[in-house]
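On a predicted model such as this, the values are computed, not experimentally measured, just so you know. When reading the values below, keep in mind they use all heavy atoms of this one structure, side chains included, and skip hydrogens, waters and symmetry mates. First the proteins, then the strands, lettered A, B, ... as listed; each starts at 1.
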Amino acid sequence: MREVTIALAGNPNVGKSTVFNALTGMHQHVGNWPGKTVERKEGRLILGDRQITVVDLPGTYSLAARSLEEQIARDFIVRERPDAVVNVLDAANLERNLYLTAQLLEAEARLVLALNMADVAAARGLRLNPEALAAALGAPVVVMSASKGQGLAELKATLRDLVTASGRGVRPSLKEVAQ
Amino acid sequence: MTAVTLASPGAAVRYAPPIETELERLVAALGAIPALAERYPLRWLAVQLLEGDEHLLAEAEGLGGPAVTAALAASRERLAPHYGEDLDVALVDQRYRFVHTLARQALTRPAAPPLTLSDRIDRVVTHRWLGIPIFLALMWVVFKLTTDVAAPFVDWVDATLSGPVSGWATALLGAAGLGGSWLESLLVDGVIAGVGGVLVFVPVLLALYFALALLEDSGYMARAAFVMDRLMHALGLHGKSFLPMVVGFGCSVPAIYATRTLDSRRDRILTGLLVPFMSCSARLPVYVLIAAIFFPAQAGLVIFGLYLTGIVVAIVIGMLLRRTLFRNQPPAPFVLELPPYRLPTPRGVWRQMWERTAAFLRKATTIILATSIVVWLLLALPVRGGGRFADTPVEQSAFAALSGAVAPVFAPLGFGGWETSGALLTGFVAKEVVVSTLGQTYAVAELEEAAEAAPTNFGEDLLGIAGGLVSATGDALQVLPGVIGITLETPEEETALEGLAAAVRAGFEASSGGHGALAALAFLVFVLLYTPCMTAVAAARHEFGSRWMWVSIVGQFVVAWLAALLVFQGGRLLGW
Amino acid sequence: MSVSEVTLDQLARNQNAVVRRIGGDREFRRRLLAMGLVPGEQVILTAVAPLGDPIEVTVKGYRLSLRKEEARLVVVERA
């Protein structure tokens, strides 16, 4: 069975590492990106009979590759072509967060949107409409409050559907087509 | 709640018609180059090139040659009448329009946004008058956590390793018939001491990472940067540089790791290079000893002066570095999100403490263990006299020979004796041992109470270790009130060091040609400014890479040497 | 610069404005654009740091701080 890789992408301060920890539990490896001094976190997620590698990308506001962090995130998404990208967003600060989503879409990443910190958004009187977002983007949208453990089961279920639905998981990567 | 839409193609951003036309043309042109088509999604690449991404342009031109350059130039020219110089602005703007439409569908805002708790906290924390006192109070708490609260646990780790653990190792080797052999010495004085040198930092780092996790996860760190940026920017640094500097007065190792909170690599390295000039707490015993011997009346003033000297040197060196090594790297813009305040979760905090401390253990152990064994080897090798391997007086060891060989380097500074240069050599490994090395090299009776403890059994040892942990926790808790300003501490008893004092005084007088006090001052300045310890070196390598580690070691040595020279020779010129 | 156009650092506390242009080099401009300071966007100057610099603005519903020397490159129109 081919190894499935999922990347976590998102702005800083959106609770991405909480989502990462919740997905991978104790199965983590912390190192550095090759030749870089930026921390690289990788973990394993078992979904049914599949073992999935989850890579936590550095938190960035865009994929413009101005900083080392942005460059790492961009190269991973565009070059390594993970099977899916979980885009973690701050639901209370949706518009600026969606800017990265737009860039991820442009980079042809297969997206799952995790609207995190839904509790904070609710406290600010914001009402979310995940169905509309999912329909507009053509990507699954999960509403969650990761620090309270809410929405994690749904996120895992969504990822399971994604990796099992089409047999090998997801469309073949560009590299494989080229070979 | 999950909303899934299956099998629909991902909606991408659509740009204005003139841009879309050019994107199509560019995709066609780029698609003709197989190397590019294999590596990148072409439409994405075309957008980045139009937006003016220099990295990607260089790469695309490298792979595709002049065809890429020509196609891009032609597209830009056709778009110029529409957007002028602002094509990049137009692309971002149109992407944001797409996002704006999305956000409007996905989100309903209340007519009047409520004033959140976060807003209310912010009004206090960044308040014109309260902002800085609150910041300084929090820095004080972080400093206390990494020093006084961690200290009892540091002592406990130290006592456990040098007591029971060393005892067990000796007992095991004794049972194997290797008691008193060089192997025992290597294990106890080399390996266990080396491992101990790493492990004693664990409580300090756990305390630091606890504080950092709270500050970062709560959202305060960004406010701290906001409050302090003006001052730090004037020094060419970033608002976030302040915290590592404060932590540096406790210990350079956590301070170097604390530079991680800075966003730009330039700021991280620049701060990391300056942090060691903040006088760490392990240097204090050296100041106390030497100042008590040479300046008994003004010891407090001398020590305060040293701390101040460290700060001034950091500011001067910072300015120098910005004009030299970092000349081509302007300070990073301070474009910083101030995230809403959040309550950190205990699990998240614990995880960061554990992960980061474990990373330190993995990275630092090798280099520190190796250094520790080298020092042991130097001390064990007899080069003169009739000592045997691992059983030789200090003054006849390879260590003394090496100290003697490097001593002339320190002669112009007034402390060219092998005894002091030996202490500086071991001080490179850890400042804690400078005082005990001085005791050894000046051949005074062991300074540390040669704990010839009563024989114990394994069970008693375990009880002792557990009891030690309990009392360390108790001590740490006692310190906690001090963190918020109440002092319960009792003054430490001063040990009479008459024999050592006389030997040290005589030694400095001899090596300086009768200017002992001046030489002692130069020695203190040198101790203040050169490499804090091997662990700090390992931390610098871990965080910034080998190259910057060497810049740091050599730079600090040169600065320390020059400053000590200035003190000694300058003082002599002034006729002291 | 028209009468009502000023730079971002010149706004008074709690004053509203609309972003018109962003100057500075390409890198800096792209960075601010990515953070949501796009032409046509509403900004409010929410706070000034205790030492008078940097400043804090609210844009797209979140808080962003920048130094005055950087805010000088953002041209806004007072609302």
Atom pair CZ (B/Arg128) and CZ (C/Arg13), whose distance is rounded to the nearest 0.5 Å = 5.0 Å
Residue-level contacts of residues 32-39 of chain C with chain B, using a heavy-atom cutoff under 4.5 Å | C/Leu32, C/Leu33, C/Ala34, C/Met35, C/Gly36, C/Val38, C/Pro39
Could you pull out the closest heavy-atom pair between B/Phe226 and C/Pro54, with the gap in Å?
-> O-CD, 3.3 Å
Which residues satisfy the salt bridge (charged side-chain N to carboxylate O under 4.0 Å, His left out) test with C/Lys60, sequence neighbours excluded?
-> A/Glu95, C/Glu41
Which pair of non-hydrogen atoms, one from C/Glu27 and one from B/Glu54, has the smallest distance, and what is that distance?
-> OE2-OE1, 4.2 Å
Can you tell me how far CZ of B/Phe334 sits from CD1 of C/Ile55, rounded to the nearest 0.5 angstrom?
-> 11.0 Å
Would one find more than 12 heavy atoms of other residues, nucleotides or ligands at under 6.0 Å from atom CZ of C/Arg26?
-> yes
Comparing B/Val227, B/Val335, B/Leu91 against chain C, the one with the most heavy-atom pairs below 4.5 Å turns out to be B/Val335
Tell me, please, which residues at least two apart from B/Arg43 pass salt bridge (charged side-chain N to carboxylate O under 4.0 Å, His left out).
-> B/Glu20
Exercise: identify the closest heavy-atom pair between B/Asp119 and C/Arg63 = OD1-NH2, 2.9 Å
With chain B, which of C/Ala71, C/Pro50, C/Ser65 has the greatest number of heavy-atom pairs at distances under 4.5 Å?
-> C/Ser65
Sort out for me which of B/Thr126, B/Asp86, B/Asp93, B/Asp88 touches chain C most, counting heavy-atom pairs under 4.5 Å.
-> B/Asp88
SB check C/Arg67 B/Asp229 (cutoff 4.0 Å) = yes
Inter-chain contacts: residues 234-242 of chain B against chain C, heavy atoms under 4.5 Å = B/Leu237, B/His238
Please indicate whether B/His82 has more than 12 foreign heavy atoms, meaning atoms of other residues, nucleotides or ligands, lying under 6.0 Å from its NE2.
-> yes
Is the backbone of C/Tyr62 close enough, under 3.5 Å, to the side chain of B/Glu337 for a donor and an acceptor to pair up by distance?
-> no
Of the backbone (N, CA, C, O) and the side chain (C-beta and beyond), which part of B/Ala332 lies under 4.5 Å from a heavy atom of chain C, both, or neither?
-> backbone
In Å, rounded to the nearest 0.5 Å, how long is the span from CG of C/Leu66 to CG of B/Leu336?
-> 10.0 Å
Chain C heavy atoms under 4.5 Å from B/Val89: which part of the residue, side chain, backbone, both or neither?
-> both
